[in-house]
Asks: 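For reference, the structure I am asking about is given below.
Numbered from 1 within each chain, the chains take letters A, B, ... in sequence-line order.
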There are 2 protein chains.
Amino acid sequence: MSNNQFKKGELYSFITGKASTAIARRLQKKFNMAGLNITIEQWSVLYHLWKREGISQQELCNATFRDKPSITRLVDNLEKLNLVKRVPSEHDRRINLIYLTRQAQKLQEDTMTVAEETLNEALETVPADKVDICKEVLQIVYDNLK
Amino acid sequence: MSNNQFKKGELYSFITGKASTAIARRLQKKFNMAGLNITIEQWSVLYHLWKREGISQQELCNATFRDKPSITRLVDNLEKLNLVKRVPSEHDRRINLIYLTRQAQKLQEDTMTVAEETLNEALETVPADKVDICKEVLQIVYDNLK
DNA sequence: TTTGAATAGTTGCACAAACAACTATATGTC
DNA sequence: GACATATAGTTGTTTGTGCAACTATTCAAA
């Protein structure tokens, strides 16, 4: 049985990710207004390093769904900003382990607060049970396609 | 009452748009495999021109949620690919009206089929009523932030 | 009718993504 | 140990995005 739930007119915003684009733009604006001088993409890398630092670039690729060149350049820029440091692994000289600087550690609390604020603004007036269903659907979509 | 539905661990994929990124990547791959040599972003512009051509770049900005420079360059590239044509408006010489070439008209059916296919793959196993709720939530998110 | 503000579009710059081609290191097999 | 293969990371190219600054045209008010 085909799952043909999308009439043509509705397909556009799903594919283009209108909602997540709007969230990202709002978050970026809030970062800028708060004087937090990082991009959303840089933040998304730091996000995983705050959970666990000293992981390899490849692990960052997996965590952030980005390819290796993207992570190379994000780490390049984060290094220029003095937020992370590449440390060659002792066991495997192919690997860089990525560590946070003290400056990056200080960013965590502020940026997380702004991120939560942004999501609360985004989800204002949406009942919690619908948010749950939405998250569930998006997770399935991701699993179906990955 | 705060709408604090997001625990920290869940905030990431919402902001980064994991699902819509996955959809866009899958669609791009399918375009490539079908020999349809356009990007998703170019397709999103053509999408609106197929609905109504002869609109201005500014109208394309509004329709696609992009800023003017982005549309300028997308139209540049679509013109290089011989898919659209800028025609200066007779009434207002500031305005370019964008028209489809015959080549672009031929692309419509194929790309729309692939797009619908992609969404059906993405939503396989998702019950229709949950998809509806998800769309509803994403629309509210967009409205809350725009 | 002139002047100032608004609008449409372009250009430059920094950042990011996707792909292909590349280097260096590690691993597994003969 | 030597060689093929896999893995980690880098670099180049094209495309797209967001912002600021710019040109050209239109419009409205004095």
Side-chain angles (χ1 to χ4, degrees), chain A residues 15-18 20-33 37-46 55-81 83-84 86-98, chain B residues 16-18 20-33 37-46 54-81 83-84 86-98:
Chain A
I15 288 180
T16 54
K18 251 174 53 171
S20 58
T21 304
I23 292 174
R25 282 184 194 158
R26 172 67 64 95
L27 180 55
Q28 183 68 67
K29 236 170 232 167
K30 281 170 155 285
F31 278 174
N32 297 342
M33 301 223 294
N37 254 349
I38 58 172
T39 66
I40 302 304
E41 294 82 3
Q42 291 165 0
W43 175 82
S44 81
V45 171
L46 294 177
I55 62 179
S56 69
Q57 295 187 199
Q58 183 57 55
E59 287 174 295
L60 281 174
C61 293
N62 302 335
T64 63
F65 325 112
R66 290 183 168 85
D67 67 359
K68 290 191 289 181
S70 294
I71 290 296
T72 291
R73 276 139 187 164
L74 281 171
V75 172
D76 284 350
N77 286 336
L78 285 167
E79 250 187 344
K80 276 185 214 155
L81 292 168
L83 293 173
V84 306
R86 284 178 168 97
V87 177
S89 164
E90 311 237 319
H91 308 307
D92 185 336
R93 289 193 297 163
R94 292 171 302 180
I95 293 179
N96 293 330
L97 302 176
I98 311 300
Chain B
T16 55
K18 252 174 53 172
S20 58
T21 305
I23 293 175
R25 283 184 192 156
R26 172 68 63 94
L27 180 55
Q28 184 69 68
K29 238 171 229 166
K30 281 170 157 282
F31 278 175
N32 296 342
M33 301 223 293
N37 255 349
I38 57 172
T39 66
I40 303 304
E41 293 82 3
Q42 290 164 1
W43 175 81
S44 81
V45 171
L46 294 177
I55 63 180
S56 69
Q57 295 187 198
Q58 183 57 55
E59 286 175 296
L60 281 174
C61 292
N62 301 336
T64 64
F65 324 114
R66 289 182 169 85
D67 67 357
K68 290 190 289 178
S70 294
I71 290 297
T72 292
R73 275 136 186 165
L74 282 171
V75 172
D76 284 350
N77 285 337
L78 285 167
E79 249 187 344
K80 277 186 211 152
L81 291 168
L83 294 173
V84 307
R86 284 179 167 97
V87 177
S89 164
E90 312 237 319
H91 308 308
D92 186 336
R93 289 191 298 163
R94 292 171 302 181
I95 294 179
N96 293 330
L97 302 176
I98 312 300

Asks: Could you pick out which residue, A:Asp92 or A:Lys80, lies toward the 5' side of DNA chain C when each is mapped onto its nearest nucleotide?
Replies: A:Lys80

Asks: Quickly work out the B:Arg86 CZ to C:dA8 P distance and round it to whole Å.
Replies: 15 Å

Asks: Do the non-hydrogen side-chain atoms of A:Leu46 and A:Val84 ever get within less than 4.5 Å of each other?
Replies: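 A side-chain contact exists here, since the closest heavy-atom pair is under 4.5 Å.
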
Asks: For A:Asn96 and D:dA8, is the shortest distance between a side-chain N/O and OP1 or OP2 below 4.0 Å?
Replies: no

Asks: Taking the side chain as every heavy atom from C-beta outward, state whether B:Thr16 and B:Thr21 have any atom pair closer than 4.5 Å.
Replies: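 No, too far: nothing below the 4.5 Å cut-off.
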
Asks: B:Ile71 has an atom CD1; how far is it from atom C1' of C:dT11, in whole Å?
Replies: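 Value for this atom pair: 16 Å.
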
Asks: Quick one: B:Phe31 CZ to D:dT15 P, roughly how many Å, whole number?
Replies: 17 Å

Asks: Can you tell me if the side-chain N/O atoms of B:Arg93 get under 4.0 Å from OP1 or OP2 in D:dC27?
Replies: no

Asks: A:Ile38 CD1 to D:dG18 P: how many Å, rounded?
Replies: 17 Å

Asks: What residues, two or more places apart in sequence or in another chain, satisfy side-chain contact (heavy atoms from CB on, under 4.5 Å) together with A:Asp76?
Replies: A:Thr72, A:Arg73, A:Arg86

Asks: Across the strands shown, which category fits B:Asp76 at heavy-atom distances under 4.0 angstrom: base, sugar-phosphate, nothing?
Replies: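 Nothing: the residue B:Asp76, judged by heavy atoms under 4.0 Å, touches no strand.
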
Asks: Quick one: are B:Phe31 and B:Gln42 in side-chain contact, heavy atoms under 4.5 Å?
Replies: no

Asks: Separation of B:Asn77 atom CG from C:dA17 atom P, in whole Å?
Replies: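 To the nearest whole Å, that distance equals 19 Å.
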
Asks: For the atom pair CG (A:Asn32) and NZ (A:Lys30), what is the distance rounded to the nearest 0.5 Å?
Replies: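 Rounded to the nearest 0.5 Å, the CG-NZ separation comes to 12.0 Å.
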
Asks: Nearest 0.5 Å, what's the CD1-OG distance between B:Ile98 and B:Ser56?
Replies: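 So the CD1 of B:Ile98 and the OG of B:Ser56 are separated by 8.0 Å.
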
Asks: On DNA chain D, compare the nucleotides closest to A:Val75 and A:Lys29; which residue's is nearer the 5' end?
Replies: A:Val75

Asks: Is the closest side-chain heavy-atom distance between B:Ser70 and B:Glu41 below 4.5 Å?
Replies: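 No, too far: nothing below the 4.5 Å cut-off.
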
Asks: What parts of residues 58-70 of chain A reach DNA chain C, counting only heavy atoms under 4.0 Å away?
Replies: A:Arg66, A:Asp67, A:Pro69, A:Ser70

Asks: Output the rounded distance in Å from CD (B:Glu79) to C1' (D:dG16).
Replies: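 Atom-to-atom, B:Glu79 to D:dG16, this comes out as 18 Å.
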
Asks: Is A:Gln42 near enough to C:dA16 that one of its side-chain N or O atoms lies under 4.0 angstrom from OP1 or OP2?
Replies: yes

Asks: Between B:Gln57 and C:dT10, is there a contact of a side-chain N or O with OP1 or OP2 at under 4.0 Å?
Replies: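 It does, given that an N or O in the side chain of B:Gln57 lies less than 4.0 Å from OP1 or OP2 of C:dT10.
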
Asks: Are OP1 or OP2 of D:dG18 and a side-chain N or O of A:Arg25 less than 4.0 angstrom apart?
Replies: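 The answer is yes; a side-chain N or O of A:Arg25 sits under 4.0 Å from OP1 or OP2.
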
Asks: Examine D:dG12: is either OP1 or OP2 under 4.0 Å from a nitrogen or oxygen in the side chain of A:Arg73? Give yes or no.
Replies: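 Checking A:Arg73 against D:dG12: no side-chain N or O falls below 4.0 Å of OP1 or OP2.
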
Asks: Mind checking A:Leu74 for me? I need base, sugar-phosphate or nothing, with any heavy atom below 4.0 Å counting as a touch.
Replies: sugar-phosphate

Asks: Please tell me which of B:Glu90 and A:Ile95 maps to the more 5' nucleotide of DNA chain D, matching each residue to the nucleotide holding its nearest heavy atom.
Replies: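 Closest to the 5' end, via its nearest nucleotide, is A:Ile95.
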
Asks: In this structure, how many angstroms lie between the P atom of C:dC19 and the CG atom of B:Asn32, rounded?
Replies: 7 Å

Asks: Can you tell me if B:Gln28 uses its side chain to pair, donor with acceptor, with the backbone of B:Ile38 under 3.5 Å?
Replies: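 Pair found, side chain donor or acceptor close to backbone of B:Ile38.
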
Asks: Could you state the atom-to-atom distance from CH2 of B:Trp43 to C1' of D:dT15 in whole Å?
Replies: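 In whole Å, D:dT15 C1' lies 18 Å from B:Trp43 CH2.
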
Asks: Looking at A:Thr72, does any N or O in its side chain come under 4.0 Å of the phosphate oxygens OP1/OP2 on D:dT11?
Replies: no

Asks: Want to settle it: does B:Leu97 or A:Ile40 sit nearer the 5' end of DNA chain C, counting the closest nucleotide to each?
Replies: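 Result of the comparison: B:Leu97.
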
